[in-house]
Amino acid sequence: MKLLLDTHLLLWAAGQPNRLSAAALRLIDNSANELFFSAASIWEVAIKRGLGRTDFQADPRLLRRGLLDNGYSELPILSDHVVAIDSLPPIHKDPFDRLLVAQVTVEGISLLTSDSVVAKYPGPVSLV
């Protein structure tokens, strides 16, 4: 299964795996799953780190390199993804989360999230 991890799950997988739920760990550790991270997540970390957010203190360069080195594939942001945001219901206001939902909708892969609000989107979004 192809899985896109949301930004918090990526940060936890990279630096605080004890924060991941048992369900998230099982999915991430299952070698049959293909793991993805979005360029939007790296962008989000860079923006929010620059704003001084304490939950986004990872260096975006090191995070990206570490994810690639650990077998994750990068999902770039395409105009198809951006256009798909327009058809999403107004469930969540965070533009980064909305972009992740649009990406999985367009790409036909699943989004894993720890955010119960994001998990309300219809389609391939799972709360873990």
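Note that this is a predicted model, so its numbers are computed, not measured.
Listed by chain and number, the residues in a salt bridge (charged side-chain N to carboxylate O under 4.0 Å, His left out) with Arg26 amount to none (sequence neighbours excluded). Residues forming a salt bridge (charged side-chain N to carboxylate O under 4.0 Å, His left out) with Arg65 (at least two apart in sequence, or on another chain): Asp69. The side-chain hydrogen bond (donor to acceptor under 3.5 Å, both in side chains) check on Glu74 picks up Arg64, with sequence neighbours excluded. Qualifying side-chain contact (heavy atoms from CB on, under 4.5 Å) partners for Ala84, counting only residues two or more places apart in sequence or in other chains: Ala102, Val106. Residues forming a ring pair (Phe, Tyr, Trp, His ring centres under 6.0 Å) with His8 (at least two apart in sequence, or on another chain): Trp12, Phe56. Residues passing the side-chain hydrogen bond (donor to acceptor under 3.5 Å, both in side chains) test with Thr7, sequence neighbours excluded: Ser41, Glu44. Applying the side-chain hydrogen bond (donor to acceptor under 3.5 Å, both in side chains) criterion to Tyr72, with sequence neighbours excluded, gives no partner residue. Scored by the ring pair (Phe, Tyr, Trp, His ring centres under 6.0 Å) test, Tyr121 finds no partners at all (sequence neighbours excluded). Qualifying salt bridge (charged side-chain N to carboxylate O under 4.0 Å, His left out) partners for Asp80, counting only residues two or more places apart in sequence or in other chains: none. For the salt bridge (charged side-chain N to carboxylate O under 4.0 Å, His left out) test, residues two or more places apart in sequence or in another chain that qualify with Asp94 are Lys48.
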Does the pair Leu10 and Asp6 meet the rule for a side-chain contact (heavy atoms from CB on, under 4.5 Å), with working shown? CA-CA 6 Å; Leu10 288 171; Asp6 78 1; over 6 Å; no
Give the intermediate values and the outcome of side-chain contact (heavy atoms from CB on, under 4.5 Å) for residues Ile42 and Phe37. CA-CA 8 Å; Ile42 303 303; Phe37 69 93; 3.8 Å; yes
Taking it one step at a time, do Leu4 and Ser110 satisfy side-chain contact (heavy atoms from CB on, under 4.5 Å)? CA-CA 6 Å; Leu4 177 67; Ser110 296; over 6 Å; no
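Contact record, Val45 with Ala58: CG1-O, 3.4 Å, taken as the closest heavy-atom pair. Summarising the geometry of Ile109 relative to Lys2, their closest heavy-atom pair is CG2-CB, 3.4 Å, with the distance given to 0.1 Å. For the residue pair Val128 and Ala24, the shortest heavy atom distance occurs at CG2-CB, 3.7 Å. Taking every heavy atom of both residues into account, Leu27 and Leu35 meet most closely at O-CD2, 4.4 Å. Nearest heavy atom pair, residue Ala40 against residue Gln103, reads CB-OE1, 4.5 Å. The two residues Ala14 and Leu63 have their closest heavy-atom pair at CB-CD1, 3.7 Å.
Chaining together hydrophobic side chains whose heavy atoms lie under 4.5 Å apart leaves Leu62 on its own.
Between the OG1 atom in Thr113 and the CG atom in Leu127 there is a gap of 6.5 Å [rounded to 0.5 Å]. Between atom CG of residue Asn30 and atom CG of residue Leu25 there is a gap of 12.0 Å, rounded to the nearest 0.5 Å. The CG atom of Leu3 sits 4.5 Å away from the CG atom of Asn33 when rounded to the nearest 0.5 Å. Remark: Thr105 OG1 to His81 NE2 distance equals 9.5 Å, nearest 0.5 Å.
Residue pairs meeting the salt bridge (Lys or Arg N to Asp or Glu O under 4.0 Å) criterion with at least one member in residues 114-126, sequence neighbours excluded, do not occur.
Arg49 places no side-chain N or O within 3.5 Å of a backbone atom of Asp55 that could act as its donor or acceptor partner.
Of the listed residues (Val117, Leu100, Val101), just one forms a side-chain contact (heavy atoms from CB on, under 4.5 Å) with His92, and that residue is Val117.
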